[in-house]
Protein chains: 2
Amino acid sequence: MKALRFEDDTLRLSEVAVPGRAGEALVRVRVAGICNTDLEIARGYAGFQGTLGHEFVGVVESAPGDASLEGKRVVGEINAGCGLCELCRAGDPRHCPRRTVLGIVGRDGAFAEYLQLPTSNLLPVPDEVSDERAVFTEPLAAACGITERLHVDEATRVAVVGDGKLGLLCAQALKAMTGARVTLVGKHQSKLDIAARRGVETLTVEETARSLERSFDLCVEASGSERGFETALKLLRARGTLVLKSTFHGATRFNAAPVVVDEISIVGSRCGRFAPALELLAKDAVEVEDMIHADFPLAEGVRALEHAASAGVLKVLLRVSSEQ
Amino acid sequence: MKALRFEDDTLRLSEVAVPGRAGEALVRVRVAGICNTDLEIARGYAGFQGTLGHEFVGVVESAPGDASLEGKRVVGEINAGCGLCELCRAGDPRHCPRRTVLGIVGRDGAFAEYLQLPTSNLLPVPDEVSDERAVFTEPLAAACGITERLHVDEATRVAVVGDGKLGLLCAQALKAMTGARVTLVGKHQSKLDIAARRGVETLTVEETARSLERSFDLCVEASGSERGFETALKLLRARGTLVLKSTFHGATRFNAAPVVVDEISIVGSRCGRFAPALELLAKDAVEVEDMIHADFPLAEGVRALEHAASAGVLKVLLRVSSEQ
């Protein structure tokens, strides 16, 4: 089968065997999404070698342990745990120290004709959710995951800094899940408008006047830049919480003094559960199609990643298979 | 009266008028303690001009609103709020945006024969607590304040990184208040021994073997160094909490990736309430006298601060008045 792989410091389309690990489900990939993490991997920053990709929707070819899934359209949670440690036994492999992560750590990913995951990682996609929407389940789940890490409700004044893919999803997810008043701070009016259509207030960075400083209970840093981190800190009230969603490459400069003086909490947040994200997609509570800026066939995957890395481009999809 | 003041980029002993603001208590200072924050101010890093000092024990000369305090030996909470904002009305001026802070922000401090504070900031010192112990109330309260910011109990595995004054107090306070198993990580056996006498486990940085990495629920960064910050992050389990107690001067380098991947929380913590600290001192639950490395009369305050800045020196006291 075809697979877009990063090996020997090079991203290339390769011909490899269909994976055949016993005990795991086999999924034929229909559509996959390119995430900034894929771009980091392709730059050699993440130490991963193998098939890229962790955002996908596909059709189950075989699913040991749950035959009812076979032939179903599914998405899949990306962390596969050891199954034996305390965390895995509690049903949450996301921090299993021996976990593999689809297309990120020790496990071939979704930019291929087929992928494997444990059967228990798969969730059927409701018929009303198109492939183009379902492929957003993973990043939307990451956005929803903020509510697993801290309490947010309609009284929480939220700012999301960064109007890229992650910021747009975080702002919409927090608004839709909690009813909080959410403000998205970004640089691009056309991107801000996507969230505005779903009731998110928006501000360009220039409009983030001094009057707004120290007025938010919760800020989500989703820009991946030092400047965004500083902006988020400035917007927070004393004892506010800064959620760190994006992993900047390498070290950033960080001034500890205001964090101590204003008793700020900084909360890291990575993967979320898929079920709440699928629910938001099923009830059309978030805008995702408008974030799709291009699609490419898998065979043009190298070019697709180059395009995804261009300034201003939001989601780029890979079309892998259209068979039913 | 004599006062040790930082003005025009210079620390000097000055002759100034006894303060006489109406509506505030007047306290004759007996003993004051030198904190690293004072050293930062004297280096010009903190933007404060005026009389230094925020750790003290003294005797009340006058206390508008509570005559029962007059003649009593007291300590005093250092934040004085506007009295009008929501925070102040809720009884907690520590984050009042218009607050002054004794010897730190907009208010002359304790390295003087007399100081003023709102009467409501003062707490009588129980007879069984000597001046030499009472003067530790403020920094000990800051250590106790960690428990205001997050839940700690006997099941919490705690590491405190840094065996300076702050680390010694944090380790002992957390042990005494919560019964948690607390490990102090430092570089100096003689300092570690102070906490060890109160049931704190101790490790030198060299002994912090790889086997201990990722094994603590809570780490307190009390070293004020980038290296300490990194050590604390390494010791934390996934979804653990790092408490930031010390404000390093300027920016530190900070790698956001592990905070996001391991979903770490970083919690800033500044001032704590005095009552729990006085209680720990009254029941002799913490070792503080052994942290006193020198004392100087106020008249030798400049030399005292120089000494306090020397490597390896723990608490330096200023003796201001011994009148009853």
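Residue numbering restarts at 1 for every chain, and letters A, B, ... go by the order of the sequence lines.
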Notebook entry, point to check: For the candidates V259(A), I264(A), V243(A), which exhibits the highest count of non-hydrogen atom pairs separated by less than 4.5 Å from chain B?
Noted result: I264(A)
Check: What residues of residues 160-171 of chain B sit under 4.5 Å from chain A when you count only heavy atoms?
Finding: none
Next item on the list: Hey, could you give me each pair passing salt bridge (charged side-chain N to carboxylate O under 4.0 Å, His left out) that has a residue in residues 137-156 of chain A? Not counting sequence neighbours.
Entry: R94(A)-E148(A)
Next item on the list: Enumerate the residue pairs fulfilling salt bridge (charged side-chain N to carboxylate O under 4.0 Å, His left out) with a member in residues 76-89 of chain A, sequence neighbours excluded, ordered by first and then second residue.
Entry: E77(A)-R273(A)
Checklist line | Closest non-hydrogen atom pair, S265(A) against V267(B) | finding: OG-CG2, 3.9 Å
Notebook entry, point to check: Could you give all pairs that pass the salt bridge (charged side-chain N to carboxylate O under 4.0 Å, His left out) test and reach residues 258-272 of chain B, with sequence neighbours left out?
Noted result: R214(B)-D262(B), R239(B)-E263(B)
Item checked: Best-contacting candidate, G268(A), A238(A), P97(A), against chain B by heavy atom pairs under 4.5 angstrom -> G268(A)
